[in-house]
Amino acid sequence: GVGNATFSGTMALSKGVTLTADVDKSATFSGAFSGNQAVTLDGPGGKVVFSGGTGNDFSLMTINSGFVDFNKNAGVNAVDSDLIINNGSLTWQNRNQIADTANVTVHGGTLNLAGNREKINTLNMDVGTTLTLAFGSFELGGSGDSVINGTISGSAAVIDDRDPQPGSKFYNSGSGT
């Protein structure tokens, strides 16, 4: 892991990589990742921040623990691929941080839009997970199924804005406030 550190410039990946930040420390990546490889984020209690004006090129992002902030410029993808959250906390610091074609799966932990807007393909949340909107919105624009068994909180909406597709469904069996 690393302490408080900032990494800038293009980081070319030739294989998958795991990024970590030690407890109460942060690692900020203000440049862009290239190489279309998988990236795994493991806390254990630190924060990993993606910022800057150039989008990342990942084949998959998995968050296993810790805190992650998406703080790229508005409309610049912190993640251009599918996103899996097994545990941990992901917070948007700006709008439109994930590719519109991404599938987001939450097995554990929380998503916090912090008042920002995001459009994705599908959203699947397991029981015990939380999506905090805080005046933000999640727009589902894809043709696949979305299943929300977690909790949605905040004064905003999950918008089902998909083109009608035979067999695609939106299920919400979770709770909300």
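For the numbers below, each heavy atom of this structure counts, side chains included, while hydrogens, waters and symmetry mates do not. Along the sequence shown, residues carry numbers from 1. Here the structure is a predicted model, which is why all the values come from computation and not from measurement.
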Donor + acceptor pair across side chains of Asn87, Asn64 (<3.5 Å) | no
Nearest heavy-atom contact between Thr54 and Ala32 is CG2-CB, 3.5 Å
Within-4.5 Å side-chain heavy-atom neighbours: Ile85 and Leu111 | yes
Does the side chain of Ile63 reach to within under 4.5 Å of the side chain of Leu90, using non-hydrogen atoms?
-> yes
Does the side chain of Lys47 come within less than 4.5 Å of Val68's, by heavy atoms?
-> no
Beyond-backbone contact of Asn77 with Gln97, side-chain heavy atoms, under 4.5 angstrom = no
Is a side-chain N or O of Ser59 found less than 3.5 angstrom from the main chain of Ala38, in a donor-acceptor match?
-> yes
Any donor-acceptor N/O pair, Asn121 side chain to Asn103 backbone, under 3.5 Å | no
Could you grab the distance from atom CG of Asn4 to atom OG1 of Thr28, nearest 0.5 Å is fine?
-> 8.0 Å
same_hphob_cluster(Phe7, Phe67) at 4.5 Å side-chain heavy-atom cutoff | no
Exam field: side chain Asn112 to backbone Ala114, donor-acceptor pair closer than 3.5 Å | yes
Side chain proximity check, His107 to Ile84, heavy atoms < 4.5 angstrom = yes
When hydrophobic residues are tied together by side-chain contacts of less than 4.5 Å, even through go-betweens, does Val127 share a cluster with Leu131?
-> no
Tell me, do Val17 and Lys15 make a side-chain contact under 4.5 Å, heavy atoms counted?
-> no
So Thr91 and Asn71, side chain to side chain contact (heavy atoms under 4.5 Å, CB included) or not? Walk me through it.
-> CA-CA 9 Å; Thr91 302; Asn71 195 21; over 6 Å; no
Short side-chain to backbone donor-acceptor contact, Lys72 and Ser51, under 3.5 Å | yes
Tell me, do Asp80 and Asp57 make a side-chain contact under 4.5 Å, heavy atoms counted?
-> yes
Among Val49, Val48, Asn56, which residue meets the side chain to side chain contact (heavy atoms under 4.5 Å, CB included) test with Phe29?
-> Val48
Rounded distance [0.5 Å steps], CG in Asn36 versus OG in Ser81 = 8.0 Å
Determine yes or no for a side-chain-to-main-chain donor-acceptor pair under 3.5 angstrom, with Ser146 supplying the side chain and Leu123 the backbone.
-> yes
Nearest atoms (heavy-atom pairs only) where Gln37 meets Leu13 = CG-O, 3.6 Å
Working to the nearest 0.5 Å, report the span between CG of Asn86 and OG1 of Thr62.
-> 6.5 Å
For Ser30 against Thr6, the heavy-atom pair lying closest together = OG-CG2, 4.1 Å
Determine, step by step, whether Met61 and Phe50 satisfy the side chain to side chain contact (heavy atoms under 4.5 Å, CB included) criterion, reporting the C-alpha distance in whole Å, the side-chain angles of both residues, the deciding distance to 0.1 Å, and the verdict.
-> CA-CA 12 Å; Met61 177 182 278; Phe50 294 96; 3.6 Å; yes
What distance do Leu60 atom CG and Leu83 atom CG have between them, rounded to the nearest 0.5 Å?
-> 8.0 Å
Does a side-chain heavy-atom distance below 4.5 Å link Thr129 with Thr151?
-> no
How far apart are the C-alpha atoms of Ile120 and Leu140, what are their side-chain angles, what is the distance that settles it, and do they pass the side chain to side chain contact (heavy atoms under 4.5 Å, CB included) test?
-> CA-CA 5 Å; Ile120 59 173; Leu140 304 175; 3.9 Å; yes
With a 3.5 Å cut-off and no angle check, do the side chains of Asp42 and Thr18 form a donor-acceptor pair?
-> no
Among Asn94, Val76, Ile98, find the residue that satisfies the side chain to side chain contact (heavy atoms under 4.5 Å, CB included) test when tested with Phe70.
-> Ile98
